[in-house]
Amino acid sequence: MPTSSARAVVDLDVTGPTISKHLYGHFAEHLGRCVYGGFWVGEESPIPNEGGLRLDVVEALRALDVPNLRWPGGCFADAYHWRDGVGPKQERPVMVNTLWGDVEENNHFGTHEFMALCELLGADPYVNGNVGSGTVQEMSEWVEYLTRDGDSPMVRLRKANGRDEPWKVPFWGIGNEAWGCGGHMRADTYAELASRYATFLHNHDGNELHRIAAGAADDDLAWTEALMKVVSCLGCTSRPRGVFQAISFHFYSFAGDGISKSSATEFTDEQYYRTMVKAADIDRVIAAHSAVMDAYDPQRHVGLVCDEWGTWWEAEPGTNPRFLHQQNTMRDALVASLHFDIFHKHAARLRMANIAQTVNVLQAMILTDDSDDAGGIVLTPTYHVFEMNKGHQDAAAVPVHLIERPDRVAVGDDGLDPLSVSASTKDGKALVSISNLALDTDTALRLDLRGREIAATRARILTADKPQSHNTTTAPDAVAPTEFAVTLRSGELSMVLPPHSFATVELELA
Ligand code: AHR
């Protein structure tokens, strides 16, 4: 096996921007088996549950310190009418989820069930409202229902449905993909509309809403600019600043041309590398959106949010193609670890990110087994990346200078840097994350740890025989973290990273 060498300087005494814990956010849509079967099995299910919420999934996710959960969509958000999902379950109307499989939606998982799920997870709710087929009044009343104290029509309705106390809802999405499934609008049209909606999303009784305007696909910078013009309105006096506090964008990784999908588990080396090139491109995309935002908002009042990201493969054979159920391999894990390094780098502007989606859909953390009444779950390689990286949440990014790098891998007309590293410090500890994306090269890495003495280290690695390796009910730990040998001598940490591997090193600072 060829070995490349690399060296990086890590400035442990330099404090960069805070890596918001919300960069590790999640997403649950009424799509396929994410909500129904994934989070929700109903009170009558033999699968252990609390109020219908399956406890094996909740318990596994609690280990990730899930900071926030986005719901109910995605595209479904712009078809969802929240009043259908409150009140006695047997009286809730049934609708057809025309977006995702044309299946009946019985609305048994609604506002109260979502808020109970967030409470069980210890996650902040991120509710995505309906612009496409809803009204300003409907969205405004949902905010009132959730967050207002005292007495009002919506408060009385909430109390009649069994909840006296208001909830805290810090994050609110104003529609979704308004350029597509959210209404096929032009940027200027949506920007005006989002401004109007946001105006009527009130901060009730100390609940401070972070209003998030639905943003671009990939690098549609004109969309971001249209939103920034509305929010900052340079040179105009009549429009208030700050109608919304953040702008989102969505970014998915594919193996091919960005349109046709390919298999989740059967892929060539070239498809592997193409996926990594696409995933790495989020660096350019975030930088480009940030540059547009900087022009209108140099103080960075407005946050950038990537509220859908992850891999998108062909659906698992034998499943409903509109359920977007896919397996998850070591390749997916490396897409995740690469994204996180890039997110950390852009932490000053990027305030939140949500992987699509948490359970059973697209790049999931958990796949549930519905084959019998006992249930059962499989933790995916992506799950392990979230767990190994959780020490970065709300930590200070520290600079990593790669002064000797492995050669770039040629991928068609593109190239890929096969080594990716990021680091942060928090509470007297540092965490360094390292991805070796190369398929056939070990990387001998030396990290020159500067500015602080190191008292202890603990390293773990996630890798497998091949990048196609994945976990199943019969082989649940085919890809799981193991202890990893590193050497610390005179402030230099050395390690040899095998191909397609992800490692974390926790450093206790003296
Ligand atoms: O995550 C699946 C879908 O992808 C979402 O509903 C939509 O917003 C995006 O196109």
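All ligand and atom numbering here is 1-based and tracks the order in the structure. Keep in mind that this is a model prediction, so the values were computed, not measured. Just so you know, these numbers use all the heavy atoms, side chains as well, and skip hydrogens, waters and symmetry mates. The residues of the chain are indexed from 1 along the displayed sequence.
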Under 3.5 Å: N/O of N176 near N/O of ligand 1: yes
N or O contact, F76 vs ligand 1, cut-off under 3.5 Å: no
Ligand 1 versus L362: contacting region, heavy-atom distance under 4.0 Å: side chain
Structural part of W309 in contact with ligand 1, heavy atom criterion under 4.0 angstrom: neither
Counting from 1, what ligand 1 atoms have a heavy atom of [X] closer than 4.0 Å?
X    : result
Q357 : 1 (O), 2 (C)
C75  : 5 (C), 6 (O), 7 (C), 8 (O)
F27  : 1 (O)
W100 : 3 (C), 6 (O)

To check your reading of the model: name the closest protein heavy atom to [atom], its residue, and the distance in Å.
atom                    : answer
atom 4 (O) of ligand 1  : E308 OE1, 3.2 Å
atom 1 (O) of ligand 1  : Y252 OH, 2.8 Å
atom 10 (O) of ligand 1 : E177 OE1, 2.7 Å

Distance-only donor-acceptor check, side chains Y80 and E105, under 3.5 Å: no
Close side-chain approach of N389 and H344, heavy atoms under 4.5 Å: yes
Side chain to side chain, T311 and Q326, heavy atoms closer than 4.5 Å: yes
Single hit among F244, W179, W223 for ring pair (Phe, Tyr, Trp, His ring centres under 6.0 Å) with Y190: W223
Over 12 non-hydrogen atoms of neighbours within 6.0 angstrom of CD in E266: no
E208 atom CD: more than 12 heavy-atom contacts under 6.0 Å: no
Near-ring test H500/Y272, centroid separation under 6.0 angstrom: no
Step-by-step side chain to side chain donor-acceptor pair (under 3.5 Å) determination, E177 to H250: CA-CA 8 Å; E177 295 192 352; H250 292 172; 2.5 Å; yes
